[in-house]
Amino acid sequence: MPPSSAPPASSAIPMIKNKKGKGKQVVEIKLVPEDQRIFQGLHFYFFPNSDTHPGRRQRIIKAIEYGASWQDKFNDTVTHIIVDRDYDFEQLLKYLKLKELPLVDTSTIEFRVKGYEPPASSATIAQPIPSQASEVSLQLKPVKRKAVVLSSQVTSEASLNLVSSSAASLSNSPAPGVPDPQQVPNKDEDELDTAIRQAKESHPLASDDEDDVEGHKRRKTNNWQDKFQCMHKHTGKSGDQGPNAHTLVVLQELADHYDQIRDQWRCKSYRQAISALRKQTIKISTKEAAMRVYGIGSSIAEKIEEIVRTTHLRKLDFAKLDERQQILNRFMKIYGVGLHAAENFASAGYKTIDDLLQKAELTDNQRIGIDHYDDFNSRVPRAEVEKHAGIVKKALKGLDKNYIVNTMGSYRRGAQDSGDIDLLITKPGASIDEIRTTVMDRLVPLLTKHKFLVAALAQTSQADGTKWHGASCLPDSSTWRRIDLLLVPEEELGAALLYFTGNDIFNRSMRLLASKKGMRLNQRGLYKDVLRDYGREKLSEGTLVEGKDERKIFEALDVPWRPPEHRIC
DNA sequence: AGGCCGTACTG
DNA sequence: CAGTACG
DNA sequence: GCCT
């Protein structure tokens, strides 16, 4: 099932608003050309973190123009903190309610925040600014330092930087009382300007300085790992209103088209490109500009240019008219009918759902899929998801009050409506056998008797089976809904939460990342030391790294924690 | 040129 | 086994 | 389709 189209979740990046003005005017932020976005991928947190002060406001705008994101809350993704001159290090810590900030790079004194004393041991001040420094001063170590290193493939973490900024307001001249920059080529620039200039002079963001300073290893983020979608926050929103909104809509149609056609790789590429384009803060209108975005290649880049020029895509118009395609499309929306079956039906000359019902040989599941074609292809409002979940929960608690039911899928990601109802069932301390027995032998029969569960589409038969797929129907309704139960022992809860929350792209990204690290991620846990065959059939299952705690799986993979609503890729 | 997630149920 | 499905 |  294609991922539910993005529920709105609030972006952590606040809006730059016009001072007063009526309506929702937004200041025009003109991003610098892409190759000059020296802050691309960095997340700034200002202190104070509002744009009410004109000087700070200017700095925030400038930071964004150079590619930074402005975080409205201090969180794990923040890479740099920019502190106003009026505040010192202690005030910052107090406000953030932190004992300390894990500084990563304290070697550059230009921008050191007042009141910060570097540890005595690491007296590495002498270095002005390394020529290749693309980041600014006082780097911080990751916040969650406790992360146990569970895998042998230790990688790096995002570095946090702490930057002092001038509150010199509009004049842009440095205020007194700050350590003199060792070199200030231009008196009219404040610290941020300086940082921008110095970063510009240096090489782009790619510089990989693994310098050891007195035996202290220092790392910056893993560039290769950054390319995984799971490393980035996705709310799935901001496409409806962003500068590329229309292009995104058309590309999404193409992605859907390839999805329906079951051209999984093209579909994947389009979704990848869409995700990348959605994050762009400026309108992409030429092939050249599009090509520079990671995830967009020449083919899609050409299409982007065509979409912008002509407002639509000829290829898509054509595809929409293709009759056979429409038929396949129609058939594949039947539960239990994939490309293969759809092609067979179409080749047999069937054109409508009714044709199938009357003439085709159908499996039991396909028949159910047809009988409830409209039901299964309509969205379930969030409130109704809760009703279905409530019924299951109540019935299960009646059998054993220790059971826990979690509503998963797009519901957990905050969606306002879902394609189906996903319920995770567990009981602390119970074995999977006990849970399976209770659910399969007691809960399902009970709810079936009460006419809540109305069809079984796929139910576990294996000894280690853990799922039940079927349909449910509310007492006062005639609409059948797809409902999935996942049975989980407590030890696997974290991995199951991860899997069952999705979305699918996010899961695949996490799993691919795991495999690149010699590990394996599935709905039961994260495993390491997986031996793979040449054709990478796995020879050993690997040893369990983590299964119980969702957060620890992120940590073990060195992926910053993302709440469910940020897993919409 | 070859990878692109890893698993579980159906028939 | 291939096909379909789940996130 | 895109990326290595």
Side-chain angles (χ1 to χ4, degrees), chain A residues 1-4 224 227-230 251 254-255 257-259 261-276 290-291 293-303 332 334-344 361-366 369 376 408-413 418-422 424 456-470 482-487 495-516 519-527 530 532 535-538 541-542 564 567-569:
Chain A
M1 160 175 310
S4 66
W224 72 269
K227 295 184 194 288
F228 287 77
Q229 291 208 268
C230 59
L251 288 180
L254 257 180
H257 166 70
Y258 285 119
D259 179 45
I261 269 189
R262 285 303 193 274
D263 187 336
Q264 57 167 327
W265 305 128
R266 275 189 183 77
C267 179
K268 185 176 189 291
S269 290
Y270 274 90
R271 293 175 75 174
Q272 190 174 288
I274 287 165
S275 180
M291 289 263 277
V293 179
Y294 181 79
I296 299 180
S298 63
S299 178
I300 294 182
E302 273 174 20
K303 291 183 175 66
M332 282 193 296
I334 301 168
Y335 182 93
V337 177
L339 179 61
H340 196 80
E343 278 175 335
N344 287 344
E361 261 186 53
L362 299 168
T363 67
D364 293 347
N365 284 354
Q366 288 168 344
F376 290 169
M408 307 295 292
S410 53
Y411 179 91
R412 187 171 183 237
R413 299 196 302 268
S418 303
D420 62 5
I421 299 143
D422 302 308
L424 185 158
L457 296 165
Q459 48 201 321
T460 190
S461 54
Q462 284 180 211
D464 63 340
T466 53
K467 68 183 191 185
W468 187 91
H469 292 175
R482 282 278 298 103
I483 184 168
D484 297 338
L485 309 181
L486 186 67
L487 317 184
L497 285 167
L498 190 55
Y499 159 69
F500 224 23
T501 300
N503 66 5
D504 56 344
I505 303 284
F506 180 84
N507 285 351
R508 289 166 69 161
S509 175
M510 288 281 278
R511 290 170 180 214
L512 181 61
L513 176 60
S515 81
K516 298 285 186 201
M519 295 189 270
R520 177 171 63 107
L521 177 63
N522 61 24
Q523 50 266 60
R524 315 168 75 125
L526 177 67
Y527 302 80
V530 179
R532 285 191 153 91
R536 40 147 203 299
E537 257 169 277
K538 56 179 186 292
E541 299 291 298
R567 302 181 197 168
I568 308 161
C569 298

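Predicted model only: the values in this text are computed from it and were never measured. We name chains A, B, ... by the order of the sequence lines, and we start the count at 1 in each one.
- Side chain of A/Asn522, nearest nucleotide from B/dT7, C/dT4, B/dC5: B/dT7.
- Contact check, A/Tyr335 against B/dT10: no side-chain N or O comes under 4.0 Å of OP1 or OP2.
- The interatomic distance linking A/Ile421 (CD1) with C/dG7 (C1') rounds to 16 Å, in whole Å.
- Nucleotides B/dC5 and D/dT4 are separated by 15 Å at their P atoms, to the nearest Å.
- Summarising the geometry, the separation between CZ on A/Phe228 and P on D/dC2 is reported as 19 Å, rounded to the nearest angstrom.
- A/Arg524 approaches A/Asp464 most closely through the heavy-atom pair NH1-OD2, 4.2 Å.
- A/His469 has its side chain out of reach of A/Asn365: every pair of non-hydrogen atoms, C-beta onward, lies at least 4.5 Å apart.
- Across all strands, A/Leu498 comes closer than 4.0 Å to no nucleic acid atom at all (heavy-atom distances).
- Checking D/dC2, B/dC9, C/dA5 against every side-chain atom of A/Ile300, the shortest atom distance belongs to D/dC2.
- Among the atoms of the strands shown, only primed sugar atoms or phosphate atoms (P, OP1, OP2) are found under 4.0 Å from some heavy atom of A/Asp422.
- A donor-acceptor contact under 3.5 Å is formed by the side chain of A/Tyr499 with the base of C/dC6.
- Rounded to a whole Å, the CG atom of A/Leu485 is 13 Å from the C1' atom of C/dC6.
- Using a 4.0 Å heavy-atom criterion, one finds that A/Ile274 contacts no nucleic acid atom at all.
- A straight line from CG of A/Leu362 to C1' of B/dT10 spans 15 Å, rounded to a whole angstrom.
- Distance from the side chain of A/Asn365 is smallest for B/dT10 among the nucleotides B/dT10, C/dC6, C/dG7.
- Taking atom CD of A/Gln229 as the reference point, atom C1' of D/dG1 lies 14 Å away to the nearest angstrom.
- For A/Gln523, counting side-chain heavy atoms from C-beta on, the closest listed nucleotide (C/dA5, B/dA8, D/dC3) is B/dA8.
- Residue A/His340 has its side chain nearest to C/dT4 when only D/dT4, B/dC5, C/dT4 are considered.
- Under the rule for a ring pair (Phe, Tyr, Trp, His ring centres under 6.0 Å), the partners of A/Tyr270 that lie at least two apart in sequence or sit in another chain are A/Tyr258.
- Looking at the side chain of A/Asp464, the nearest of the listed nucleotides B/dG11, B/dA8, D/dT4 is B/dA8.
- Listed candidates were C/dG7, D/dG1, D/dT4. Nearest to the side chain of A/Arg266 is D/dG1.
- Looking at heavy-atom distances under 4.0 Å, A/Gln459 makes contact with sugar-phosphate atoms alone, never a base.
- Considering only side-chain atoms of A/Arg520, the nucleotide from B/dT10, B/dG6, D/dC2 that sits closest is B/dG6.
- Residue-level contact check: A/Asp484 touches the backbone only, with heavy atoms under 4.0 Å from sugar-phosphate atoms and none from bases.
- At the heavy-atom level, A/Ile296 lies under 4.0 Å from the strands shown only through sugar-phosphate atoms.
- When heavy atoms are screened at a 4.0 angstrom cut-off, A/Ala273 is found touching no nucleic acid atom at all.
- When all heavy atoms of A/Trp224 and A/Leu513 are compared, the pair lying nearest together is CZ3-CD1, 3.8 Å.
- The side chain of A/Trp265 approaches B/dC5 more closely than any other nucleotide in the set C/dG7, B/dC5, B/dC9.
- Among the atoms of the strands shown, none is found under 4.0 Å from any heavy atom of A/Ser509.
- Each of A/Asp364 and A/Lys268 was assigned the nucleotide of DNA chain B with the nearest heavy atom; the assignment lying further toward the 5' end belongs to A/Lys268.
- At the heavy-atom level, A/Phe506 lies nowhere under 4.0 Å from the strands shown.
- A/Arg524 places its CZ atom 15 Å from the C1' atom of C/dC6, with the value rounded to the nearest Å.
- Among the nucleotides C/dA5, D/dG1, C/dG7, the one closest to any side-chain atom of A/Lys303 is D/dG1.
- Residue A/Thr501 has no polar side-chain atom (N or O) positioned under 4.0 Å from OP1 or OP2 of C/dG7.
- The distance between atom CD of A/Glu361 and atom P of B/dG11, rounded to the nearest whole Å, is 13 Å.
- A/Ser418 and A/Ser410 get closest at one heavy-atom pair: OG-OG, 3.0 Å.
- The side-chain contact (heavy atoms from CB on, under 4.5 Å) search around A/Ala341 returns A/Val337, A/Phe345, A/Gln366, not counting sequence neighbours.
- Looking only at side-chain heavy atoms (C-beta outward), A/Arg508 and A/Leu512 stay at 4.5 Å or farther from each other.
- Contact check, A/Arg511 against B/dT7: no side-chain N or O comes under 4.0 Å of OP1 or OP2.
- Rounded to a whole Å, the CG atom of A/Leu512 is 14 Å from the P atom of D/dC3.
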